[in-house]
Protein chains: 2
Amino acid sequence: MPAVSDIKTGLSAEQYALIAAFRYELRRFLAFSEAAAAAVGLPPQQHQALLAIAGKPGVSTIGSLAEQLLIAPHTAAELVARMVESALVTKTMGAQDRRRAELALTPKAEALLHRLTADHLKELEILEPALAKALGRITDADR
Amino acid sequence: MPAVSDIKTGLSAEQYALIAAFRYELRRFLAFSEAAAAAVGLPPQQHQALLAIAGKPGVSTIGSLAEQLLIAPHTAAELVARMVESALVTKTMGAQDRRRAELALTPKAEALLHRLTADHLKELEILEPALAKALGRITDADR
DNA sequence: CCTTTTCATATCGTATTACGATATATATAT
DNA sequence: ATATATATATCGTAATACGATATGAAAAGG
């Protein structure tokens with residue numbers, strides 16, 4: 001039986017600490033990522049949008065982008081508008097379905113994303129162990 | 001040798017897809033967490049603050065909270081002010097060092113956090129495999 | 001076919017929240 | 001005792017996602 005715990009639910013100060021630790025590791029990664037994006041002049045969500053477009057097999061649209069980013073379609077439309085404005089993304093209205101806006105990265109965006117991704121891979125080498133461990137401890141614990 | 005890749009850097013569409021997939025899993029967890037907090041009337045950052053205070057061994061202060069949440073101290077001060085306002089946190093100025101504000105959860109906050117944490121543990125049981133796998137694939141890949 | 005409904009995207013006003021710049025009070029050091 | 005550092009606070013600002021709503025295009029129903 002655990003030292004300091006709520007018998008009824010199994011929740012204890014330790015459980016809070018485990019989840020808090022996981023969230024802290026998450027924050028460290030996200031903070032790194034935001035800083036890296038900012039360093040090349042990108043708002044964090046624009047970085048994510050570029051990644052989503054580049055990582056998607058096939059053609060991205062406003063709708064598929066919204067789905068991947070878990071935002072509302074009209075929010076994705078605004079995001080894309082800002083990125084078209086800053087020459088990161090091109091928007092071509094679909095040939096068969098003229099409602100759909102097909103998205104593609106400009107060379108400028110590809111260069112930025114390439115660099116960012118290399119940096120992320122390097123940083124993830126460092127952060128991964130702590131992140132994986134923190135996550136594992138949570139799900140191992142309540143068993 | 002990988003199918004479609006940039007020889008010089010090892011970066012490929014697959015790498016983008018791997019990182020994008022990881023970020024997507026991350027988003028799913030964060031979206032769940034935000035929704036769960038919202039369902040009990042808490043802004044997401046206030047939930048994190050409660051968790052940080054509850055999970056910290058020893059006494060929390062504005063400064064320690066800022067550190068855990070990776071925000072500036074003055075931002076933490078504002079956050080705490082909002083939480084004191086809504087009777088989630090009590091702030092007691094330190095006895096020896098009267099600059100420090102010692103933080104504690106109110107019973108109301110403890111009840112909310114308890115419930116949220118139980119929900120998070122349950123959801124993490126579900127999300128953990130995909131999250132761990134997505135993370136593992138990134139660091140396994142570039143080796 | 002032509003009208004209704006649904007789908008994909010767009011626009012506008014609003015609210016939240018973190019930040020920079022700055023301020024104040026207390027503690028520590030010279 | 002004064003200077004410097006530390007802990008927290010305040011105010012104005014900016015970024016961005018959302019709700020409500022709108023528009024145009026495609027699909028479905030009769």
Side-chain angles (χ1 to χ4, degrees), chain A residues 23 27 30-31 33-35 37-39 41-50 52-53 56 58-86 88-104, chain B residues 23 27-28 30-35 37-39 41-50 52-53 56 58-86 88-104:
Chain A
R23 295 304 291 253
R27 255 174 239 125
L30 295 173
S33 185
E34 291 187 20
L42 282 182
Q45 189 76 317
Q46 296 194 15
H47 169 211
Q48 291 310 300
L50 296 184
I53 295 170
K56 177 169 179 78
V59 182
S60 284
T61 64
I62 302 270
S64 75
L65 183 61
E67 224 173 290
Q68 174 77 11
L69 297 185
L70 299 182
I71 56 181
H74 74 266
T75 301
E78 291 176 321
L79 177 61
V80 167
R82 292 192 291 269
M83 290 193 295
V84 169
E85 182 105 10
S86 50
L88 293 165
V89 164
T90 58
K91 197 167 61 172
T92 330
M93 296 323 270
Q96 340 84 302
D97 188 338
R98 283 176 312 186
R99 293 171 305 179
R100 307 180 71 198
E102 306 189 343
L103 308 176
Chain B
R23 294 304 291 251
R27 255 174 238 125
R28 288 215 304 165
L30 295 173
F32 160 80
S33 185
E34 290 187 21
L42 282 181
Q45 189 76 317
Q46 295 193 16
H47 169 212
Q48 292 310 301
L50 296 184
I53 294 169
K56 178 171 177 77
V59 182
S60 283
T61 64
I62 303 270
S64 75
L65 183 62
E67 223 172 292
Q68 175 77 10
L69 297 186
L70 299 183
I71 55 181
H74 74 265
T75 300
E78 291 175 320
L79 178 60
V80 166
R82 293 192 290 269
M83 290 194 293
V84 168
E85 184 104 10
S86 50
L88 294 165
V89 163
T90 58
K91 195 166 62 172
T92 331
M93 295 323 271
Q96 340 83 303
D97 187 338
R98 283 175 311 186
R99 291 172 305 179
R100 307 180 68 193
E102 306 188 343
L103 308 177

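Labels below follow one simple rule: chain letters A, B, ... track the order of the sequence lines, proteins then strands, and each chain is numbered from 1.
Contacts between residues 68-84 of chain A and DNA chain D, counted as heavy-atom distances below 4.0 Å, involve A/I71, A/A72, A/H74, A/T75, A/E78, A/R82. For residues 59-66 of chain B, proximity to DNA chain C is found at no residue, defined as any non-hydrogen atom under 4.0 angstrom from a strand atom. Applying a 4.0 Å cut-off to non-hydrogen atoms, the residues of residues 89-97 of chain A that approach DNA chain D are A/Q96, A/D97, listed by residue number.
Atoms CZ (A/R27) and P (C/dA18) sit 11 Å apart, rounded to a whole Å. Rounded to whole Å, atom P of D/dA25 lies 10 Å from atom CZ of A/R99. Atom CD in B/E85 sits about 11 Å away from atom P in D/dT10, given to the nearest Å. Between the C1' atom of C/dA18 and the CD atom of B/Q48 lies a distance of 15 Å, rounded to the nearest Å. Rounded to whole Å, the distance from CG on B/L42 to P on C/dT16 is 14 Å. The CD-P distance, from A/E34 to C/dC19, rounds to 9 Å in whole Å.
For a distance-only test at 3.5 Å, the side chain of B/R98 fails to qualify as a donor-acceptor partner of the base of C/dT26.
No side-chain heavy atom of A/L69 sits under 4.5 Å from any side-chain heavy atom of A/T75. In this structure, the side chains of A/Q46 and A/S86 come closer than 4.5 Å at one or more pairs of heavy atoms. With a 4.5 Å cut-off on side-chain heavy atoms, B/L65 and B/I71 do not count as touching.
The salt bridge (Lys or Arg N to Asp or Glu O under 4.0 Å) search around B/R27 returns none, not counting sequence neighbours. In this view, B/R28 and B/E25 satisfy the salt bridge (Lys or Arg N to Asp or Glu O under 4.0 Å) rule, not counting sequence neighbours.
Heavy-atom minimum distance, A/S60 versus A/A52: OG-O, 4.2 Å. Residues B/L79 and B/A49 approach most closely at CD2-CB, 3.9 Å, considering heavy atoms. Residues A/E102 and A/G94 share a closest heavy-atom pair of OE2-CA, 4.0 Å.
To the nearest 0.5 Å, atoms NE2 (A/H47) and CE (A/M83) are separated by 11.5 Å. From B/E67, atom CD reaches atom OG1 of B/T61 across 8.0 Å, with rounding to the nearest 0.5 Å. Taken from CG in A/L70 to CG in B/L30, the straight-line distance is 9.5 Å, to the nearest 0.5 Å. Taken from CD in B/Q45 to CD in B/E78, the straight-line distance is 11.5 Å, to the nearest 0.5 Å.
Here B/Q45 reaches the OP1 or OP2 of C/dA18: one of its side-chain N or O atoms lies under 4.0 Å away.
Remark: of the listed residues B/V80, B/L42, B/I53, B/L42 is the sole one forming a side-chain contact (heavy atoms from CB on, under 4.5 Å) with B/L88.
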In dot-bracket form, 5' to 3', how is DNA chain C paired? Count Watson-Crick and G-U wobble pairs only if both distances fall under 3.5 Å, and write | where the partner sits on another strand.
||||||||||||||||||||||||||||||
